[in-house]
Amino acid sequence: MDTSSKENIRLFSKNSMQPVGRLSFQTEYPSPEEKQPCCGQLKVFLGALSFVYFAKALAEGYLKSTITQIERRFDIPSSLVGIIDGSFEIGNLLVIAFVSYFGAKLHRPKIIGAGCLIMGVGTLLIAMPQFFMEHYKYERYSPVSNSTLSISPCLLDSNNSLPIPVAEKSQSKINNGCVQTVAIIGPIFGFLLGSLCAKLYVDIGFVNLDHITITPKDPQWVGAWWLGYLIAGSITLLAAVPFWCLPRTLPRPRSREDSSSSSEKSKFIMDDHTDYQTPPGEKAKIMEMARDFLPSLKSLFGNPVYFLYLCASTVQFNSLFGMVTYKPKYIEQQYGQSASKANFVIGLINIPAVALGIFSGGIVMKKFRISIRGAAKLYLGSSVLGYLLFLSLFALGCENSDVAGLTISYQGTKPVSYHERALFSDCNSRCKCSETKWEPICGENGITYASACLAGCQTTTGSGKTTIFNNCTCVGLAASKSGNSTGMVGRCQKDNGCAKMFLYFLVIAVITSYTLSVGGIPGYILLLRCIKPQLKSFALGIYTLAVRVLAGIPSPIYFGVLIDTSCLKWGFKRCGSKGSCRLYDSNAFRHIYLGLTMMLGIMSIFLSTAVLFTLKKNYVSKHRSFRTKRERTMVSTRIRKENCTTSDHLLQPNYWPGKETQL
């Protein structure tokens with residue numbers, strides 16, 4: 001299904017074993033009665049294919065939006081979430097190369113329909129763990145009584161001894177624009193659906209929501225991540241239905257010959273090849289097609305332009321896939337936004353900018369009739385400008401939240417180094433506290449404490465979300481403006497300057513996304529024009545396979561592994577093993593996330609430059625060869641003319657030697 005929609009539509013319309021350009025009388029001059037059902041079925045195929053692209057993009061977009069929700073729900077690190085995200089592409093790894101090669105010669109609509117059924121069932125299976133696991137239990141302070149005055153969260157130890165720390169353990173051209181546009185709309189709805197589900201509690205319908213003491217802004221909040229997979233899976237199953245009702249082939253509709261690209265193709269395709277079309281009644285010979293597989297693959301990788309562009313795209317998609325996978329997490333951790341808001345701004349602002357950029361690139365290519373070298377230049381220029389803009393995001397970060405013992409001392413006077421991090425201090429030395437629990441409270445002094453016990457709080461008033469902790473010795477140690485030593489449930493909000501940085505980040509991110517996506521269509525045109533016509537479908541399949549396997553699968557994994565190195569406070573499961581990260585070092589997270597994206601982007605720019613130089617070299621070489629051949633032809637023509645003139649002159653009846661001299 002990931003093979004070009006243009007190829008799907010073109011190959012679906014083939015109906016005879018004749019070479020292109022030698023159509024039968026019935027095909028060349030169809031009657032209105034014959035043309036009507038063809039156009040109707042072609043529109044059905046186009047609509048069904050567009051809906052499939054929408055369903056697939058919706059599922060992929062929704063998966064990206066649930067990364068942080070899955071991480072918290074199953075209490076796993078980012079590296080493992082990256083493996084889950086990458087496994088979404090493993091199905092493509094198994095079949096895409098063979099489907100792209102054999103699919104063009106078999107019953108393509110039914111193959112697409114079967115793929116939709118498999119993908120729909122798989123999407124539904126993702127949500128199944130929710131129905132077989134116990135309800136989500138977040139870390140919280142639980143008083144033993146329902147009265148407004150409860151026992152002290154700081155359980156005093158008569159021995160005054162410190163507790164023993166517990167060990168710490170993500171129309172052909174018009175038709176092809178139509179399908180790609182719908183494919184871009186899919187992720188928009190995917191992220192918006194993710195935003196909606198993130199507002200709903202994970203166990204909605206199974207528990208009494210009045211007993212939930214956290215809000216969507218709380219770092220421990222988990223939304224109804226499973227609900228969107230049920231919706232996406234159902235939509236994908238519906239998308240499979242029309243393909244089982246379509247014929248294998250359609251009569252080729254009457255259309256104008258596309259002669260605009262023939263001259264362009266002749267410059268970069270060495271040998272001519274007549275594209276034969278398989279008639280509907282002829283059975284495909286699997287063994288003969290299999291014998292051509294390796295030679296076709298060798299021909300593709302022997303094309304330097306195709307190979308270099310494949311490498312450049314793979315490296316760039318490593319950059320983009322890793323960035324998009326952890327972008328919601330980056331917004332949450334860096335700017336203190338909720339998961340719902342992070343998904344909302346990505347779906348409503350970022351992805352439309354990408355769609356507009358792709359559309360703009362297509363308009364530029366069409367209006368100015370840009371050649372293949374011009375397409376390579378536009379692709380390279382958009383990458384260079386886009387990553388230069390991306391570089392400015394390094395300056396648009398927020399400082400770490402003030403968390404006692406992790407980012408700032410209990411006195412609140414200085415940051416703490418890695419070796420000085422300690423959750424225990426003199427102010428909570430008499431309390432029997434666990435350093436593995438994460439039940440954050442916000443003190444009146446604006447400092448977050450890992451738990452009410454570690455804040456040294458003596459009494460509490462209220463219950464649930466309105467719980468107030470009083471007589472907190474550690475809060476009083478770092479004097480607050482009001483002089484109170486109280487605290488509330490939840491982490492302290494980041495300062496007002498961080499909200500302004502978030503707005504700047506959105507503006508730059510939108511411009512960067514637009515700029516990078518402008519090169520999408522030029523790159524796609526470059527890919528199609530640098531290969532032989534008979535290998536288009538296969539080349540697109542190999543291209544998609546490489547991007548999925550070498551970028552879609554590994555990039556979320558190593559991005560997640562490196563992001564985990566910036567964790568300051570890990571959570572622990574009941575069995576004692578390490579869970580998900582509770583608090584990140586904002587500065588380290590920003591440098592890892594943006595730095596890795598930038599480094600991969602620079603590598604892709606160098607490879608794109610190599611593509612441009614290879615194209616220029618091939619063009620100069622072919623131009624010289626053509627000029628030499630033309631000069632030889634002109635010389636031989638001139639010699640023939642001279643010989644003919646001399647011969648005619650000698651054959652004249654009134655001519656004798658010395659005639660011109662005597663006259």
Side-chain angles (χ1 to χ4, degrees), residues 2-13 20-21 39 42-43 45-47 49-50 53-54 57 171-188 252-269 275 305-306 309 312-313 316 351-386 511 513-533 535-537 539-540 543-544 608 611-612 615-616 618-619:
D2 283 311
T3 307
S4 168
S5 58
K6 184 175 181 180
E7 290 296 310
N8 287 336
I9 297 168
R10 181 177 65 82
L11 291 171
F12 182 61
S13 301
V20 174
C39 294
L42 188 59
K43 289 180 180 178
F45 177 76
L46 176 61
L49 188 64
S50 300
Y53 269 67
F54 171 80
Q171 332 161 6
S172 177
K173 293 182 179 178
I174 296 177
N175 293 340
N176 190 48
C178 179
V179 175
Q180 297 295 338
T181 301
V182 173
I184 294 172
I185 295 175
I188 297 177
R252 189 182 183 91
R254 182 181 180 184
S255 61
R256 292 179 298 178
E257 293 294 331
D258 185 13
S259 59
S260 60
S261 61
S262 59
S263 60
E264 185 65 39
K265 291 178 182 177
S266 63
K267 295 179 183 178
F268 299 96
I269 299 174
D275 189 11
V305 177
Y306 176 82
Y309 177 74
S313 296
Q316 187 177 43
I351 297 180
V354 174
L356 183 61
I358 293 176
F359 182 75
S360 301
I363 292 295
V364 171
M365 289 292 297
K366 181 178 180 181
K367 184 175 181 179
F368 297 100
R369 300 182 179 275
I370 297 179
S371 64
I372 187 172
R373 284 201 302 162
K377 291 178 181 178
L378 186 56
Y379 176 77
L380 175 60
S382 67
S383 297
V384 172
L385 182 57
I511 299 175
S513 299
Y514 172 82
T515 306
L516 288 173
S517 59
V518 165
I521 294 298
Y524 182 77
I525 298 300
L526 170 63
L527 174 66
L528 291 179
R529 291 186 181 178
C530 72
I531 54 179
K532 301 175 184 178
L535 294 178
K536 277 186 182 180
S537 180
L540 288 169
Y543 172 80
T544 306
S608 300
V611 171
L612 184 59
L615 279 173
K616 184 177 180 180
N618 288 350
Y619 179 81

(Q) On a heavy-atom basis, which atom in L540 and which in L527 lie closest, and how many Å separate them? (A) CD2-CD2, 3.4 Å
Q. Under 3.5 Å, side chain of Y306 to main-chain N/O of L528, donor-acceptor pair present?
A. no
Q | NZ-NZ distance between K377 and K616, expressed to the nearest 0.5 angstrom | A | 7.5 Å
(Q) Show the nearest heavy-atom pair for residues L378 and P522, with the distance to one decimal. (A) CD2-CG, 3.3 Å
**Q.** S513 versus V354, closest heavy-atom pair with distance
**A.** CB-CG2, 3.8 Å
Q) Who passes ring pair (Phe, Tyr, Trp, His ring centres under 6.0 Å) against Y309, sequence neighbours left out? A) Y379, Y543
**Q.** Residue pair L612 / R373: nearest heavy atoms and the distance that separates them
**A.** CD1-O, 3.9 Å
Q: Taking all non-hydrogen atoms of both residues into account, name the closest pair between A353 and S517 and its distance.
A: O-OG, 3.8 Å
(Q) Can you tell me how far apart CZ (F368) and CD1 (I363) are? Round to the nearest 0.5 Å. (A) 10.5 Å
Q: Could you tell me whether a side-chain N or O of T515 sits under 3.5 Å from a main-chain N or O of G386, the two making a donor and an acceptor?
A: no
(Q) Which heavy atom of V305 sits nearest to which heavy atom of C530, and what is that distance? (A) CG1-CB, 3.7 Å
Q.
One pair to check against side-chain contact (heavy atoms from CB on, under 4.5 Å): L526 and L615. What are the steps and the verdict?
A. CA-CA 10 Å; L526 170 63; L615 279 173; 3.6 Å; yes
**Q.** Sub-4.5 Å side-chain heavy-atom contact between I188 and P352
**A.** yes
Q) Atom CD1 of I511 and atom CG of L385: how far apart are they, to the nearest 0.5 Å? A) 10.0 Å
